[in-house]
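Notes to accompany the following structure.
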Amino acid sequence: MVADTMQSIAPRFKWSSVFLSYPALLTLIVIVAVWEGAIRFFHVPDYIAPAPSVVALELVRQLPNLAVNVVPTLLEALGGFAIGNLSAVLIAVAMVRSPFVEKCFYPIAVFIQSVPMLAIAPILVLLFGTGYTPKVTVAALICFFPTLVNMVRGLKAINPQAFELMRVLSASNSEIFFKLRLPSSLPFLFAALKVTAPSAMIGAIVGEWIGSRYGLGAMILEATYNFRAPMLYATIFVATSIAMALFGIVGLVERRIIRWRVGDVY
Amino acid sequence: MGANAVNGAASAVAFAAPAVTMRDISVDFTRDRNTIRVLKDIDVAIPTEAFIAMLGPSGCGKSTLLRVVSDLVRPAKGSVSVFGKSAVEARRNREIGFVFQDATLLPWRTVIDNVRLPLEIKEGASRIAGSYSPEEMLALVGLDGRHNAYPHELSGGMRQRVAIARALICRPRLLLMDEPFGALDELTRDKMNEELLRIWRETRTTILFVTHSIAEATYLGQQVMVMAANPGRIRETVPIDFGDDRSPAVRDTPQFLAYTARLRRLLEAH
């Protein structure tokens with residue numbers, strides 16, 4: 001009896017409540033189960049499409065190898081993320097301050113954005129060799145445009161009454177910028193950072209496809225050429241997890257900094 | 001009605017030195033190559049320490065008039081003087097406070113940091129006659145204990161209190177209010193009206209208050225300036241003889257009803 005009462009007081013783990021809070025988890029389990037079942041039922045060979053269980057085993061087996069190769073890719077992604085976003089923010093500030101600068105740079109930014117990144121990578125290898133530089137550059141280029149566009153929009157999206165308030169207070173242009181424009185643009189900046197954090201990973205991997213002997217990108221190529229599909233899948237799984245983690249980190253920082261609801265008038 | 005000095009707004013107009021004088025002001029707005037005359041031939045003298053309500057239909061230019069006084073809009077012709085100086089000078093000297101229709105608080109700043117904002121702006125800071133502290137201001141508007149709240153945690157009425165505290169922190173001699181309580185529910189609005197009268201009596205700031213509520217204009221103003229639209233102009237100025245120390249109960253008197261009826265007739269006249 002005593003044990004019974006204890007059990008009813010203690011919070012019990014219930015799968016049903018987990019699925020109610022995260023319905024996508026259920027979807028994921030169903031997809032993996034169907035995938036596993038289909039591969040086994042149709043006897044699909046591993047080198048064409050591996051079952052999730054095989055991928056999981058390969059993931060464990062390749063863990064030391066993956067760990068070594070994650071480091072350069074992550075560094076390239078982070079470097080590109082920092083450089084691409086920082087230059088986008090600075091150029092956005094210059095554009096908002098001077099319409100002439102905007103006219104000078106904006107069409108060129110659109111042009112760079114329109115060039116396929118896969119085509120740019122070989123050019124960068126020719127320019128910078130096979131070190132970190134071309135990979136960081138691809139990641140930076142991928143991050144640049146979304147942040148530029150969002151930041152220009154954010155810096156312009158100030159409440160007109162707040163602008164009048166600053167003018168009644170005789171605020172200077174730089175006071176208006178630092179006290180009004182820059183803080184108002186933060187939600188726009190974070191929207192861009194959340195998009196570009198996973199993109200930076202893509203950029204680094206694409207960079208590694210062209211002339212690299214290390215990194216997750218190189219592992220993907222190697223696995224493909226050798227028909228090692230389980231390793232290919234395991235590598236993609238790791239790359240995806242890291243991209244999602246970067247997204248999550250940006251989201252956490254955003255929640256600490258932005259406490260107000262965008263679009264509301266206070 | 002008691003021996004109050006400012007009792008009888010007409011006499012106040014005649015004897016006190018004006019806080020704001022507008023002579024022959026016209027304002028044009030250009031949109032799509034059409035020029036619209038928003039205000040035409042405005043001649044007003046606002047006495048010092050007066051509480052003037054400006055009542056009019058939407059589009060009559062009453063908000064524009066406040067923006068002319070605060071140097072946010074340049075008139076096409078005519079001249080404005082604020083305490084004997086140009087509007088630009090008065091603005092630079094921080095002699096003008098402005099309360100907007102929305103509280104216009106900066107959402108990333110706490111209540112006290114919002115109130116402190118005017119003190120952080122350099123231009124004119126040295127010429128402020130002696131500002132209040134943010135804490136004093138929040139006490140004045142009845143917001144003690146909410147210093148570190150963020151704007152999204154406050155009700156609409158509380159946000160407007162913060163906006164009033166911010167507008168008054170530099171001790172402006174003139175407070176311009178552009179339908180500040182228009183978005184509030186009626187009970188909150190009545191309460192804010194009483195508070196505003198108390199703040200006015202305590203600070204002796206000249207107030208120019210724009211509204212489209214007849215009852216609000218009657219309850220607040222020593223005079224109600226009735227405006228008409230197309231083009232915006234002043235139709236008539238009606239003195240309200242309730243004295244400064246009017247209690248909320250005046251709103252239920254027959255005299256109050258007579259004022260509102262008269263103001264409504266003026267608004268509806270063509």
Please indicate whether B:Tyr132 has more than 12 foreign heavy atoms, meaning atoms of other residues, nucleotides or ligands, lying under 6.0 Å from its OH.
yes
B:Arg37 atom CZ: more than 12 heavy-atom contacts under 6.0 Å:
yes
What part of A:Gln161 gets within 4.5 angstrom of chain B, counting heavy atoms only: side chain, backbone, both, or neither?
both
Counting heavy-atom pairs under 4.5 Å with chain B, which one of A:Ile257, A:Leu180, A:Ile258, A:Asn159 comes out on top?
A:Leu180
Taking all heavy atoms of A:Leu169 and all of B:Arg94, pick out the closest pair and write down the distance.
O-NE, 3.3 Å
Part of B:Leu105 lying under 4.5 Å from any heavy atom of chain A
both
Suppose we screen for side-chain hydrogen bond (donor to acceptor under 3.5 Å, both in side chains). Which residues come up paired with B:Arg159, at least two apart in sequence or across chains?
none
May I ask you to name which of A:Ala162, A:Pro183, A:Ser172 has the most heavy-atom pairs under 4.5 Å with chain B?
A:Pro183
Of the listed B:Pro107, B:Gly97, B:Gly156, the one with the largest count of heavy-atom pairs under 4.5 Å with chain A is B:Pro107
Might you point out which heavy atoms bring A:Glu175 and B:Glu120 nearest each other, and give the distance in Å?
OE2-O, 3.8 Å
Any chance you could lay out the side-chain contact (heavy atoms from CB on, under 4.5 Å) test for B:Leu176 and A:Val168, step after step, and finish with the verdict?
CA-CA 11 Å; B:Leu176 306 174; A:Val168 172; over 6 Å; no
Check the side chains of A:Ser170 and B:Arg92 for a donor-acceptor pair under 3.5 angstrom, ignoring hydrogens and angles.
no
Could you tell me the separation between the NZ atom of A:Lys179 and the CG atom of B:Leu106, rounded to the nearest 0.5 Å?
9.5 Å
Heavy-atom distance under 4.5 Å to chain A: side chain of B:Gln101, backbone, both or neither?
both
Name, in order of residue number, those residues of residues 142-151 of chain B that have a heavy atom at a distance of less than 4.5 Å from a heavy atom in chain A; otherwise write 'none'.
B:Tyr150, B:Pro151
Should we say atom CZ of A:Phe19 is surrounded by more than 12 heavy atoms from elsewhere, each under 6.0 Å from it?
yes
Take a 6.0 Å sphere around CZ of A:Phe177 and say whether it holds more than 12 heavy atoms from other residues, nucleotides or ligands.
yes
Using 0.5 Å steps for rounding, measure from the OG1 atom of B:Thr104 to the CZ atom of A:Phe163.
13.5 Å
side-chain contact (heavy atoms from CB on, under 4.5 Å) for B:Phe100 and A:Glu164? Distances and angles first, verdict last.
CA-CA 9 Å; B:Phe100 298 88; A:Glu164 282 191 318; 3.4 Å; yes
Could you walk me through whether A:Arg259 and B:Glu153 pass the side-chain contact (heavy atoms from CB on, under 4.5 Å) test, one step at a time?
CA-CA 10 Å; A:Arg259 298 151 182 273; B:Glu153 298 166 330; over 6 Å; no
Can you measure from CZ (A:Arg167) to CZ (B:Arg67) and round to the nearest 0.5 angstrom?
10.0 Å
May I ask you to list the residues in residues 71-82 of chain B that approach chain A closer than 4.5 angstrom, counting heavy atoms only, ordered by number?
B:Asp71, B:Leu72
Atom pairs and distances, donor-acceptor, side-chain atoms in residues 88-95 of chain A, under 3.5 Å, two or more places apart:
none

Evaluate whether atom NZ of B:Lys122 has more than 12 neighbouring non-hydrogen atoms of other residues, nucleotides or ligands under 6.0 angstrom away.
no
